[in-house]
Structure formats: C-alpha cells, structure tokens
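Contents: one structure, followed by commentary.
Chain letters run A, B, ... following the sequence lines, proteins first and then strands; every chain starts at 1. This structure is a prediction, so every number in the text was calculated from the model and none was measured.
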There are 2 protein chains.
Amino acid sequence: MPSLRDVAEQAGVSVSTASIALRHDTRVKESTRRRVLSVAEEIGYRPNGAARDLKSRRTGMIAILLHDLGGPFYSELLRGVSTRAQANGLTALVCTSALDRGGELTRLLREKRVDGAIILDSSISEDDILEVASPSLPLILLDRQIQHPNLYSVLCDHRSGAYMATLHLIDAGYRDIGIILGPSDSHHSHLREEGALQACRLRQCVPRPDHIWHGAFTESSGYQLVDSVLASDDVPRAIFVANDEMAVGLMRGLLERGVRIPDDVALAGFDDIRITQYVSPPLTTVRQPMYELGILAADTLMRALRGDEDITPIVLQTELVVRGSS
Amino acid sequence: MPSLRDVAEQAGVSVSTASIALRHDTRVKESTRRRVLSVAEEIGYRPNGAARDLKSRRTGMIAILLHDLGGPFYSELLRGVSTRAQANGLTALVCTSALDRGGELTRLLREKRVDGAIILDSSISEDDILEVASPSLPLILLDRQIQHPNLYSVLCDHRSGAYMATLHLIDAGYRDIGIILGPSDSHHSHLREEGALQACRLRQCVPRPDHIWHGAFTESSGYQLVDSVLASDDVPRAIFVANDEMAVGLMRGLLERGVRIPDDVALAGFDDIRITQYVSPPLTTVRQPMYELGILAADTLMRALRGDEDITPIVLQTELVVRGSS
DNA sequence: CCTCGCAATCGAATCGTTTCGATTAGTAGT
DNA sequence: ACTACTAATCGAAACGATTCGATTGCGAGG
C-alpha cells in the first residue's frame with residue numbers, strides 16, 4: 001500500500017532520490033541511504049511490480065508453456081530452466097494450456113507480462129506463436145521449428161533415438177519387427193517412425209505393413225492394441241513402441257495373455273518415463289536429456305534477450321537405455 | 001510497440017474512447033467501435049499488461065507455489081486449480097521455489113504481480129508468508145495452518161489416512177506392525193505417525209520402539225532401510241510406510257532379499273503416486289484427493305478475492321486404496 | 001571574491017492504461 | 001425557439017515507479 005512517494009516524504013527526500021537509494025546506488029550519501037532504507041522498512045514499503053515493469057519495459061520473468069503437467073519429464077526440464085534463469089536474475093513460471101485455451105497466451109505473452117518464453121506444447125498453433133513473437137518477446141520452441149527472426153529452436157533428435165532403439169532390437173536377434181506409433185498427425189510419431197524404419201531398412205528387415213499400428217500415446221491405447229498385435233497370424237518377435245505410456249500398456253496386456261517378455265516378444269519404448277524402471281521386466285527405452293534441454297533452452301533465451309539474432313536450431317541427442325524388456 | 005494512443009490517433013478518437021471501445025462497452029457507437037477494432041488489428045496493437053495492472057490494481061493472475069515439480073500429484077492439483085481459475089477469468093501460474101530461493105516470493109508476491117496465491121511448499125518459512133500476506137494478496141495454504149486474517153487453509157486429513165491404512169493392515173491379520181516415518185521435523189510425517197499409532201492403540205498392538213524407523217521420504221532412503229528392518233530379531237509382519245516413495249524403495253529391497261510380499265511382510269504406503277500401480281505387487285496406499293484439493297483451494301481463493309473473510313480451515317478426507325501388497 | 005568541478009539531490013517527464021467528470025451533439029417535448 | 005435529456009465522446013488526472021537533465025551546496029584553485 002505505501003508507495004515510494006510515502007517513503008520519500010517520510011525520509012525527507014525526493015522520490016527520485018528514494019528510488020536510487022533503494023537500489024544501493026553510490027550517488028546517494030550513505031547516511032540518506034540508510035534513512036530511506038529504514039523508513040521503507042518501517043512503513044512496510046513494497047515496490048510495485050507493475051509500475052516498475054511499465055517504466056523499465058522488462059519484467060524479470062520468463063514463462064515455460066506446457067500442455068499439461070502430467071508429462072513425466074517436465075520437472076527435469078523446469079529444473080534446467082530454473083537453474084539458468086536464477087543465475088541470470090530471472091524468475092521462471094510454468095503455465096499450462098490444456099485447460100486455459102489462449103488465456104495464458106494473452107495474459108503472459110500478448111500483454112507482455114514476461115520477457116520471453118520457452119514453449120513445449122504442440123497444441124499451441126503456429127499462427128498464435130507467430131502472432132506473439134516479437135523482438136521484445138523472443139520465444140524458444142522445443143521440439144518444433146518455425147522460421148522467424150524471433151523464434152529459436154532447441155530440438156531432440158527423435159529420429160536417431162528411434163533408430164537406435166530399433167537397431168538395438170534387430171541386433172539383439174529379433175528380425176521380425178513390429179512398430180506401434182502415435183496418432184498419424186503427430187509430428188513426434190512421424191519422426192520416430194522414420195527412425196525406426198531407417199533402422200529396418202539398414203538391416204533389411206522392413207516390417208510388413210500390417211505390423212505397424214497406431215495408438216494414442218496413452219497407456220490405455222497401448223493396452224487396447226494387444227488384441228490387434230496378437231491377432232496377427234505371425235506375431236512380431238520385437239516391437240518398437242513410439243512412447244513409454246503405450247509400451248507400458250501393451251506390456252500389461254501381453255503379460256495378461258501369458259506372453260513372456262522378452263522371451264516371446266521383446267519391447268522398446270521411448271521417453272524413459274519413471275515407471276519404465278518399475279514395471280517387470282523394466283522397459284528398454286530412449287531417454288531424452290530433459291535437464292540439458294532445459295539448460296540449453298534457457299541459455300538460448302538469455303542469448304535472445306541480449307539481442308543475439310542467431311536462430312540456428314540446436315539439436316540434442318537422445319540416449320538408449322537398455323533394460324530387461326529386450 | 002503501438003500503444004492505445006496510436007490506435008486512437010489513427011482511428012480519429014480519443015484515447016479514452018479507444019479504451020472502452022476495445023472492451024466492447026455499449027457506450028461507444030457501433031460504427032466507431034468497429035473502426036477502433038479494425039485499426040487496432042491493422043497496426044497490431046497489443047494492450048500492455050503492466051500499464052493495465054498498474055491502473056486497475058489487479059493482474060488477473062494467480063500463482064501456485066510448489067517446492068518442485070517432481071511431486072507426483074501436482075498435475076492433478078494444478079488441473080483442479082486451473083479449472084476454477086479459468087472459470088473466473090484468471091490465469092494460473094506455477095512457480096517452484098527449490099532453485100529460486102526467494103526470487104519467486106519477491107517477484108510474484110512481494111511486488112504483487114499476481115492477485116493471490118496457493119502455497120504448497122513447506123520450505124517457505126512462516127515469516128515469509130506472514131510478510132507478504134495482505135488484504136490485497138490473500139494466500140491459500142495447503143496442508144499448513146497459520147492464524148492470520150489473510151491466510152486461508154485447505155488441509156488433507158493425513159492423520160485419518162494413516163489411521164485407516166494401519167487399521168487395514170491390523171485387521172487383515174497382521175498384528176505385528178512396523179512403521180516407517182519421514183524426517184522427524186516433517187509435519188506430514190508427524191501427522192501420519194499419530195494416525196498410525198492411534199490405530200495401533202485402538203487394536204492394542206502398539207509397535208515396539210525399535211520397529212519405528214525414519215527415512216527421508218525418498219525411494220533410496222526406503223531402499224536403504226531394508227537392512228535395519230530385516231536386522232530386527234523379530235521382523236514385523238506388516239509395515240505402514242509414511243509415503244509411497246519410501247514404500248517402493250523398501251519393497252524393492254525386500255524383494256531383492258527374497259522376502260515375499262504380502263506373504264512374509266505386508267506393506268501400505270501413502271500418497272498413491274502413479275508407480276504404486278505398476279510395482280509388483282501393486283502397493284496398498286492412501287490417496288489424497290489432489291484434484292478436489294485444487295478445486296477447493298481455488299474456490300477459497302476466489303472467495304478471498306471477493307472479500308470473504310471467513311478463514312475457517314477446510315479439511316478434506318483421504319481415501320484408502322487397497323492393492324496387492326496387503 | 002569569483003568561478004570551476006564535483007557530489008548530492010531534486011523536478012518533471014514518461015511508461016500505457018483506466019476512469020470519471022465535463023463537454024458536445026442530437027433529439028424530443030412544450 | 002428554448003430547455004431537458006440522453007448518447008457519444010473527450011480531457012485530464014491518476015497508478016507508482018524510473019530516468020535524465022537541472023539545480024544546489026561546498027571546498028579548492030586562482
């Protein structure tokens with residue numbers, strides 16, 4: 001409630017002096033500075049963020065836009081981003097769009113209540129992104145690329161991850177490969193499909209078309225696919241599943257039918273979500289370096305905020321994690 | 001970049017008219033409203049949040065303060081909060097304090113960049129909370145109580161949850177109970193201990209003092225406790241573990257030692273984190289209704305923002321989830 | 001004694017909205 | 001033709017900080 005003006009009056013100085021005194025500026029005499037500080041303390045002065053932001057044209061805050069918090073690795077991502085944000089004196093906020101369609105875009109980005117943002121949310125349209133990006137609001141896109149001077153990209157190499165996982169299955173002796181993908185309009189699904197097929201081509205064991213299925217990237221969709229998979233006259237000996245959620249669901253279904261893993265069917269997933277370590281057998285999967293992704297995304301944002309205009313995309317490699325399912 | 005003034009000039013109206021025109025106020029003629037709107041669109045006008053907040057003294061944003069995002073149920077909590085926030089035209093932000101000690105308190109709360117906040121983070125000190133709470137910044141505390149006119153509490157009944165779980169173990173025939181708690185300075189650990197002991201007293205099977213252990217609420221600390229537990233000359237037949245992380249760790253340790261669950265030792269945990277469903281056997285546990293907690297917290301915040309001064313704490317009940325481990 | 005330079009402080013403009021009381025125009029009533 | 005009223009619009013004052021050029025006071029140098 002008390003404003004800088006109240007502090008100034010009670011300390012017997014002008015508002016401008018009070019302002020710089022609070023910022024420990026050397027231009028004020030030590031004695032006045034102490035006086036201002038003690039008055040501020042005494043009357044419970046708190047700077048008003050809105051006023052400061054308005055005048056200084058920066059907020060000291062950055063946003064991380066996610067679709068929802070359910071994602072398994074968001075905590076690691078955020079840890080990476082926070083680390084760097086704090087080192088640069090910024091505060092990182094997380095905002096989800098799943099339930100607040102557009103609200104967060106308007107409040108945070110359109111109305112510039114943050115200095116920049118990191119976006120990992122394929123449900124936000126390209127148009128919306130293009131609309132809000134500006135020289136004073138650089139955006140870092142994760143796992144997505146849009147050509148624009150104020151859009152920077154940090155990508156994970158999903159293709160090579162899927163390639164490694166599939167190659168691993170093949171080279172473990174399972175030449176009869178099946179593939180379970182996500183929704184056909186999913187960019188990630190598409191990339192992972194390409195990687196998997198590339199490995200198959202290399203080893204000359206491209207799966208039959210009816211050994212490629214599509215799920216919804218959810219556990220239950222994986223579970224439901226078990227019928228289709230087992231219905232095949234010639235069940236594949238190994239399956240690359242394009243994400244762990246589906247892989248876990250499928251695994252549950254297979255075990256219920258008495259299929260032994262990896263003896264009857266080997267599995268590999270993608271994402272390295274936490275439960276992959278706890279299912280039995282533990283699931284072979286592909287890890288995305290989310291912490292590093294956060295670090296790089298934040299660093300890129302800092303660069304952008306400093307005016308760096310190099311928008312060359314940064315690509316991170318994934319890591320194959322071999323466990324009992326293969 | 002373009003401001004309301006630019007819009008007004010180009011549309012040939014005053015700034016004040018432009019302002020209300022953009023808000024679809026009926027005081028402006030339909031024709032001018034359209035003109036203003038089209039000019040705004042044309043020159044890419046975007047309202048400046050800081051200016052708006054400064055003048056209107058509200059931001060339309062609320063914050064959820066968590067220690068970190070690693071927590072298993074935060075996504076449910078956030079979903080609850082978001083639902084209600086959106087229904088009231090507010091945007092919910094998540095902010096973690098683990099890495100940004102104090103920064104988020106200053107930027108968001110002290111400098112009032114949000115209208116209110118929901119706090120679930122025992123690492124934020126009572127002093128800090130008391131310092132920032134004010135009539136214009138109501139705070140909702142989850143699982144914590146502080147007496148203050150602008151602090152509202154929503155609590156989960158951890159005690160009765162622990163009571164139910166322990167009673168369930170005893171009534172399943174295991175009279176020889178062990179208890180694994182969290183750090184002794186943890187409020188949650190203390191509440192859960194009370195509940196567990198209350199059940200034991202009721203059934204007259206209070207555990208021996210050396211059958212009560214303390215961990216760190218982490219999986220690895222649970223794993224490490226397996227030695228102490230098995231070292232006992234008289235291993236308890238059932239163990240109530242004060243959180244699932246430790247329970248899962250302990251379970252892993254026990255299985256490695258060839259202990260059968262629940263035949264040799266029965267287990268119950270607390271929290272109902274996701275992996276409890278995937279470990280074998282699935283873990284009996286206590287579910288906190290995080291979605292409902294989010295809903296209630298948000299509703300309480302809305303009440304507070306409307307000036308309601310009733311700070312009577314709200315208490316939510318937990319739910320026992322019986323699975324294979326008991 | 002006068003001026004110069006420096007340190008300390010001040011005043012006023014500014015950021016971009018919102019809001020409220022004042023003004024103008026237009027219409028209707030008598 | 002004049003007032004009364006409403007509808008539409010305007011002007012100016014906030015909101016609370018920052019910032020920059022201007023001012024004051026004072027000791028040193030000539």
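What separates CZ of R33(B) from C1' of dA7(D) is a distance of 17 Å, to the nearest Å. Per the geometry, CZ belonging to R52(B) stands 20 Å off C1' belonging to dA17(D), to the nearest Å. Counting to the nearest Å, the P atom of dA14(D) and the CG atom of N48(A) are 17 Å from each other. Across the protein-nucleic acid pair, R27(B) atom CZ and dT23(C) atom P stand 18 Å apart, rounded to whole Å. Going from atom CG of D53(B) over to atom P of dT18(C) covers 10 Å, rounded to whole Å. Protein atom CD1 of I20(A) is 13 Å distant from nucleotide atom C1' of dG11(C), rounded to whole Å. Atom CG in L22(A) sits about 9 Å away from atom P in dA17(D), given to the nearest Å. When the C1' atom of dC15(D) is taken as reference, atom CZ of R5(A) falls 11 Å away, rounded to whole Å.
Among the nucleotides dG11(D), dT17(C), dG16(D), the one closest to any side-chain atom of L4(B) is dT17(C). Looking at the side chain of L54(A), the nearest of the listed nucleotides dT9(D), dG16(D), dT17(C) is dG16(D). Proximity note for R57(B) (side chain, C-beta onward) versus dG16(D), dT19(D), dA17(D): the nearest is dG16(D). Across dA12(D), dG16(C), dT18(D), the shortest atom-to-atom separation from the side chain of R23(A) is found for dT18(D). Checking dG16(D), dT18(C), dA12(D) against the side-chain heavy atoms of S19(B) singles out dT18(C) as nearest. Of the candidate nucleotides dC10(D), dT19(D), dA8(D), dA8(D) has the atom nearest to the side chain of K29(B). Between dT9(D), dT19(D), dT18(C), one nucleotide has an atom nearer to the side chain of K55(A) than all others, and that is dT19(D). For T17(A), the side-chain atoms get nearest to dT9(C) when compared with the rest of dA17(D), dT9(C), dT17(C).
Atom OH of residue Y152(B) and atom CD of residue Q145(B) lie 14.5 Å apart, to the nearest 0.5 angstrom. Note that CG of L296(A) is 12.5 Å distant from CG of L301(A), once rounded to the nearest 0.5 Å.
For G80(B) against I295(B), the heavy-atom pair with the smallest separation is O-CD1, 3.7 Å.
For the pair R144(A) and E126(A), the salt-bridge criterion is not met [side-chain N within less than 4.0 Å of a carboxylate O]. For the pair R306(A) and D308(A), the salt-bridge criterion is not met [side-chain N within less than 4.0 Å of a carboxylate O].
When heavy atoms are screened at a 4.0 angstrom cut-off, V15(B) is found touching base atoms of the nucleic acid. Among the protein residues, G49(B) comes within range of no part of the nucleic acid, since none of its heavy atoms lies under 4.0 Å from any strand. Residue-level contact check: S3(A) touches the backbone only, with heavy atoms under 4.0 Å from sugar-phosphate atoms and none from bases. The residue R46(A) sits close only to the backbone: its heavy atoms come under 4.0 Å of sugar-phosphate atoms, none of a base.
Place A51(B) and A18(B) on DNA chain D by their nearest nucleotides, and A18(B) ends up nearer the 5' end.
Between L66(B) and L77(B) there is a side-chain heavy-atom pair separated by less than 4.5 Å.
Taking 3.5 Å as the limit, the base of dG11(C) and the side chain of S16(A) contain a donor-acceptor pair of atoms between them.
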